[in-house]
**Student:** 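Supplied in structure tokens, the structure appears directly below.
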Amino acid sequence: APLNPGIDMGLAGVDIFTNSSASHHQLGKLRQRLMLISSTTAKVGGCYLYSNAKGCDGERVMYDGAPLILLNGQVVAHGEQFDMQEVEVITGAVDLDSIQAYRSSNFTRNNQAAESLAYPFVDRHDFALVSCVRRPAFPIPIPTQLSELETMSPAEEIARGPAMWLWDYL
């Protein structure tokens with residue numbers, strides 16, 4: 001997108017971006033999605049949670065799934081493209097403090113952030129997603145190791161895409 005709202009949000013201090021999408025399949029589109037999401041979070045820092053519709057719409061449009069979790073431009077977790085399951089859930093533990101550390105190391109970003117638009121957000125200074133004080137038996141999760149997302153070749157997409165569309169259509 002020419003005007004990516006994620007850039008403005010990241011400059012304003014948004015830590016977690018969510019995108020529940022219905023992005024239809026095209027050859028090589030997963031690589032494009034990955035490049036757009038990773039470049040946004042690499043530029044401004046942040047955790048990006050991307051989900052995509054999966055299956056067919058009953059006519060000619062097909063959605064290929066492939067959910068993603070990225071942190072500061074790196075893939076933390078990903079789902080399968082053209083997965084045949086009704087529901088696919090991916091998880092990843094991320095250290096939100098690593099976003100602040102990443103951002104503070106980027107001086108150009110910090111200069112631009114000083115002049116950015118204001119966005120409403122949850123003040124996380126008195127907020128914790130996991131609290132060891134209240135639940136001592138519940139340990140803080142160890143951040144998920146970064147993973148590599150291997151995208152399919154156009155030939156693989158052509159072989160797997162229509163099969164998923166037909167399976168869902170029938």
Side-chain angles (χ1 to χ4, degrees), residues 1-96 98-99 101-103 105-106 108-109 112-113 116-117 119 121 141 143-170:
L3 296 174
N4 183 342
I7 298 293
D8 290 333
M9 289 181 204
L11 289 173
V14 173
D15 290 336
I16 302 172
F17 306 91
T18 60
N19 181 353
S20 54
S21 186
S23 178
H24 66 278
H25 172 258
Q26 285 179 272
L27 287 177
K29 196 169 184 183
L30 179 56
R31 277 186 289 283
Q32 180 184 17
R33 284 184 209 133
L34 181 60
M35 190 244 347
L36 289 170
I37 296 169
S38 64
S39 69
T40 297
T41 59
K43 288 176 186 174
V44 296
C47 178
Y48 201 108
L49 311 174
Y50 175 83
S51 65
N52 191 28
K54 175 171 49 172
C56 71
D57 69 346
E59 293 190 13
R60 297 185 296 179
V61 179
M62 176 180 60
Y63 305 99
D64 58 347
L68 300 164
I69 300 173
L70 284 90
L71 178 67
N72 300 330
Q74 301 292 314
V75 176
V76 173
H78 60 85
E80 295 296 321
Q81 189 178 23
F82 308 117
D83 186 58
M84 297 285 201
Q85 299 175 46
E86 288 291 320
V87 176
E88 181 180 20
V89 176
I90 62 170
T91 61
V94 297
D95 179 4
L96 294 180
S98 71
I99 297 168
Y102 182 86
R103 287 178 175 166
S105 69
N106 185 337
T108 305
R109 181 229 168 259
Q112 291 177 349
S116 69
L117 300 172
Y119 274 84
F121 60 93
T144 304
Q145 295 292 324
L146 300 177
S147 71
E148 186 71 29
L149 175 62
E150 293 185 23
T151 57
M152 295 180 193
S153 69
E156 289 174 300
E157 288 188 44
I158 290 169
R160 294 190 64 196
M164 185 199 73
W165 183 88
L166 284 170
W167 178 259
D168 193 60
Y169 184 77
L170 296 175

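Index from 1, following the sequence.
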**Student:** What pair of heavy atoms forms the shortest contact from P154 to R31, and how long is it?
**Tutor:** CD-NH2, 4.2 Å
**Student:** Is it the case that the side chain of K54 and the backbone of M62 share a donor-acceptor pair, with hydrogens and angles ignored and the cut-off at 3.5 Å?
**Tutor:** no
**Student:** To the nearest 0.5 Å, what is the distance between CG (L68) and CD1 (I90)?
**Tutor:** 6.5 Å
**Student:** Could you walk me through whether V76 and L70 pass side-chain contact (heavy atoms from CB on, under 4.5 Å), step by step?
**Tutor:** CA-CA 5 Å; V76 173; L70 284 90; 5.9 Å; no
**Student:** Quick check: closest heavy atoms across V87 and V89, and the distance to 0.1 Å?
**Tutor:** CG1-CG2, 4.0 Å
**Student:** Please report the shortest heavy-atom distance between S23 and D64, naming the atom on each side.
**Tutor:**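 Heavy-atom minimum between the residues: O-OD1, 4.0 Å.
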**Student:** So, Y102 side chain and A42 main chain: donor-acceptor pair closer than 3.5 Å or not?
**Tutor:** yes
**Student:** Is it true that D15 and R103 have a side-chain N and a carboxylate O under 4.0 angstrom from each other?
**Tutor:**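 Result for this pair is yes, salt bridge flagged.
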**Student:** Donor-acceptor pair, Q112 side chain versus R109 backbone, under 3.5 Å?
**Tutor:** no
**Student:** What is the minimum heavy-atom distance between N4 and G6, and which atoms define it?
**Tutor:** OD1-N, 2.8 Å
**Student:** Would you name the heavy atoms of S98 and L71 that are closest together and state the gap between them?
**Tutor:**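 What the structure gives for the nearest pair is OG-CD2, 3.6 Å.
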**Student:** Working to the nearest 0.5 Å, report the span between CD of Q74 and CD1 of I69.
**Tutor:** 14.5 Å
**Student:** Identify the two heavy atoms, one from Q26 and one from E157, that lie closest to each other, and give their separation to 0.1 Å.
**Tutor:**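 Looking at all heavy atoms of both residues, the closest pair is O-OE1, 3.6 Å.
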**Student:** So V75 and H78, do their side chains get closer than 4.5 Å, heavy atoms only?
**Tutor:** yes
**Student:** CD of Q81 to CG of L30: how many Å apart, nearest 0.5 Å?
**Tutor:**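 It comes to 4.5 Å.
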**Student:** Hey, could you give me the CG/OG distance between N52 and S21, rounded to the nearest 0.5 Å?
**Tutor:**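 Here the interatomic distance stands at 5.0 Å.
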**Student:** Hey, could you give me the CE/NZ distance between M35 and K29, rounded to the nearest 0.5 Å?
**Tutor:** 12.5 Å
**Student:** Y48 pairs by side-chain hydrogen bond (donor to acceptor under 3.5 Å, both in side chains) with which of N72, T40, T41, N19?
**Tutor:**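 Exactly one pass, corresponding to N19.
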**Student:** Let me see the working for M9 and F17 under side-chain contact (heavy atoms from CB on, under 4.5 Å), right down to the final yes or no.
**Tutor:** CA-CA 8 Å; M9 289 181 204; F17 306 91; 3.6 Å; yes
**Student:** Say you draw a straight line from CG of L34 to OG of S39; how long is it, rounded to the nearest 0.5 Å?
**Tutor:**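 L34 atom CG to S39 atom OG measures 9.5 Å (nearest 0.5 Å).
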